[in-house]
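Just so it is clear, the model here is predicted, and its values are computed rather than measured.
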Amino acid sequence: MLSDSEATELLSFLRRDMRADVKGQATEYILGLTGNREGCRYLRTKPDFLKALVTLTADPSIAIVKDCYHALVNLSADETLHKPLVKEAAILPTMFHNLLDPEYMFADRVSTILTNLSRHEATCREVFQALQEQEISLAKIVEIFCTEGFNKKASLHYLGPLLSNLTQLPEARQFILDKERCVIQRLLPYTQYEASVTRRGGVVGTLRNCCFDYAHHEWLLSDAVDILPFLLLPLAGPEELSEEENEGLPVDLQYLPEDKTREEDPDIRKMLIETLLLLTATKKGRQLMKEKSVYPIMREFHKWEKDLQVISACEKLVQVLIGDEPEPGMENLMEVNIPEGVEQKFKDLDAKEQEEIEKEKQELLKEEAEKHPNTAPEVLER
């Protein structure tokens with residue numbers, strides 16, 4: 001790494017009044033440092049460099065701004081850099097200011113940085129607090145996210161994962177679930193947004209987080225929100241169901257066409273099933289999902305699914321749908337107190353199940369490799 005004198009000299013080049021060619025070489029060097037873990041950890045000890053990168057996001061040179069944002073994306077991907085970026089480099093006010101500009105060409109980089117910084121609860125709370133301090137409400141973020149073409153130069157798909165990250169906080173969930181605002185109703189159509197798996201996944205993650213608040217389950221499943229079709233439709237396929245099963249389904253899932261396809265991303269499929277499982281926590285939730293013929297959809301899905309993790313999640317949901325009701329006083333599955341010894345036993349069983357899934361996955365990969373022994377692995381170009 002750099003000596004103290006070399007670091008001081010390099011920092012002197014990272015000023016807005018420095019010649020563009022010198023600045024460009026300096027930002028290019030910093031970008032190179034952020035390409036590996038050792039370089040990122042070095043910059044963690046140099047808050048002045050972090051501040052300089054944030055300042056130069058306003059440089060007149062597009063090439064320099066691009067390098068600065070690329071470096072900040074790399075740095076924000078490292079959890080140990082979150083606090084220095086937020087506290088010492090004061091990155092958040094600049095990022096939110098630029099995000100709100102509908103003409104800003106680097107808004108996608110901004111949303112990626114904000115998403116990275118909000119992954120873990122500590123800095124997620126800082127991001128949420130900065131929203132309030134900058135007088136930018138969560139309502140504004142949702143409005144930008146839901147406004148097609150808000151920024152003609154950026155897709156803003158990464159606002160989806162940002163919303164998902166923010167809803168790990170009770171305050172953010174409270175806003176999304178506010179019955180007067182109709183926020184969650186605006187987000188529901190994006191569970192089937194074909195243009196971006198990032199946007200779809202972000203919204204499904206947001207819905208899953210919101211469903212941890214079981215007090216809202218009855219409202220979410222009611223006609224006021226009608227969340228069920230938006231969760232089930234991506235999991236439904238073209239299989240023919242009996243007339244009785246079709247008639248029990250929500251209207252949007254009845255008699256689906258032969259070319260109906262399922263969600264292509266296994267992580268999103270798993271989150272959708274986990275959201276459905278959360279909605280079975282209360283007795284009313286279980287009753288409604290049984291009445292709405294959720295089981296036939298999941299039965300056919302289970303036959304189709306190949307991903308072992310998703311299959312495991314599906315089986316847990318099916319067990320609840322076809323199982324007996326819990327004993328009186330234990331109807332709310334989220335309020336049941338599990339004895340410590342039993343809880344540990346469940347954790348051990350889960351760990352064993354994950355181990356078996358991983359082992360089966362490795363065996364399948366080995367079988368595939370034996371079938372195609374001459375297939376060379378892809379090599380990344382450097």
Side-chain angles (χ1 to χ4, degrees), residues 184 188 191-192 200 203-205 207-208 210-214 216-328 330-336 346 349-350 353 357:
I184 203 157
L188 288 175
T191 62
Q192 298 168 82
R200 276 200 320 277
V203 166
V204 173
L207 298 177
R208 182 187 61 178
C210 287
C211 285
F212 277 98
D213 291 346
Y214 64 83
H216 294 87
H217 284 186
E218 192 172 345
W219 175 68
L220 289 169
L221 290 164
S222 73
D223 292 340
V225 179
D226 200 21
I227 193 174
L228 199 54
F230 294 96
L231 299 174
L232 280 178
L233 203 50
L235 300 173
E239 297 85 5
E240 284 189 31
L241 301 177
S242 70
E243 190 169 334
E244 183 183 351
E245 288 172 338
N246 265 304
E247 287 177 358
L249 285 165
V251 175
D252 292 342
L253 283 104
Q254 293 179 5
Y255 304 102
L256 296 174
E258 292 180 1
D259 60 351
K260 171 67 176 70
T261 58
R262 290 182 169 92
E263 167 58 54
E264 61 185 27
D265 186 274
D267 290 331
I268 296 180
R269 294 198 300 271
K270 186 168 180 278
M271 283 194 292
L272 286 163
I273 294 170
E274 287 168 348
T275 309
L276 289 165
L277 186 58
L278 285 168
L279 289 169
T280 65
T282 64
K283 185 174 183 178
K284 284 190 177 180
R286 292 189 293 277
Q287 286 175 340
L288 189 139
M289 291 175 73
K290 290 174 182 178
E291 290 168 7
K292 293 289 184 180
S293 296
V294 173
Y295 170 68
I297 295 290
M298 299 317 301
R299 180 191 67 210
E300 299 304 318
F301 175 86
H302 186 268
K303 294 176 186 175
W304 171 87
E305 183 58 69
K306 298 291 186 289
D307 187 282
L308 299 173
Q309 299 276 357
V310 185
I311 289 171
S312 175
C314 178
E315 288 172 352
K316 288 173 184 173
L317 174 60
V318 168
Q319 283 171 9
V320 176
L321 293 174
I322 65 175
D324 295 332
E325 273 295 306
E327 296 175 12
M330 303 180 72
E331 291 92 342
N332 190 326
L333 303 180
M334 286 188 173
E335 288 184 332
V336 175
F346 283 145
L349 286 170
D350 276 344
E353 182 184 30
I357 287 172

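How far OG1 of T280 is from CG of L321: 7.0 Å, rounded to the nearest 0.5 Å. Atom CG of L220 is separated from atom CG of D213 by 9.5 Å, given to the nearest 0.5 angstrom. Atom CG in L279 sits 9.5 Å away from atom CG in L207 (nearest 0.5 Å). Going from atom CG of L221 over to atom CG of L231 covers 8.5 Å, rounded to the nearest 0.5 Å. To the nearest 0.5 angstrom, M298 atom CE is 10.0 Å from L277 atom CG. Rounding to the nearest 0.5 Å gives a distance of 6.5 Å between CZ of F230 and OG1 of T191.
Scanning all heavy atoms of the two residues, the minimum distance from W219 to I184 falls at CH2-CG2, 4.0 Å. Of all heavy-atom pairs between P238 and P257, the closest is CB-O, 3.5 Å. Between P266 and V310, the closest heavy-atom pair is O-CG2, 3.4 Å. A pairwise comparison of heavy atoms in S293 and L249 identifies O-CD2, 3.3 Å as the closest pair. Across every non-hydrogen atom of Q192 and P234, the tightest pair is CG-CG, 4.0 Å. Among all heavy-atom pairs drawn from L256 and A236, the shortest one is CD1-CB, 3.5 Å.
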Quick one: side chains of residues 268-276, donor-acceptor pairs under 3.5 Å with protein atoms, not counting sequence neighbours, listed by atom name and distance.
unit_1: R269; atom_1: NE; unit_2: E305; atom_2: OE1; d: 2.6
unit_1: R269; atom_1: NH1; unit_2: E263; atom_2: O; d: 2.9
unit_1: R269; atom_1: NH1; unit_2: E264; atom_2: O; d: 3.2
unit_1: R269; atom_1: NH2; unit_2: E305; atom_2: OE1; d: 3.3
unit_1: R269; atom_1: NH2; unit_2: E305; atom_2: OE2; d: 2.9
unit_1: K270; atom_1: NZ; unit_2: E274; atom_2: OE2; d: 2.8
unit_1: E274; atom_1: OE1; unit_2: R208; atom_2: NH1; d: 2.8
unit_1: T275; atom_1: OG1; unit_2: M271; atom_2: O; d: 2.7

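Relative orientation of the H217 and Y214 rings is perpendicular, given thresholds of 30° and 60° on the angle between their planes.
A donor-acceptor pair under 3.5 Å is absent between the side-chain atoms of K260 and the main chain of Y255, judged by distance alone. Checking side-chain atoms of N246 against main-chain N and O of L241 turns up a donor-acceptor pair under 3.5 Å.
K290 places none of its side-chain heavy atoms less than 4.5 Å from the side chain of Y295. Using a 4.5 Å heavy-atom threshold, the side chains of E245 and E300 count as separate. In this structure, L253 and L228 have side chains that are not in contact, with every pair of non-hydrogen atoms separated by 4.5 Å or more. For the pair V318 and H302, the minimum side-chain heavy-atom distance is 4.5 Å or more.
Contacts classified as salt bridge (charged side-chain N to carboxylate O under 4.0 Å, His left out) and involving residues 217-241 (residues at least two apart or in different chains) are given here: E218-K284, E239-R262.
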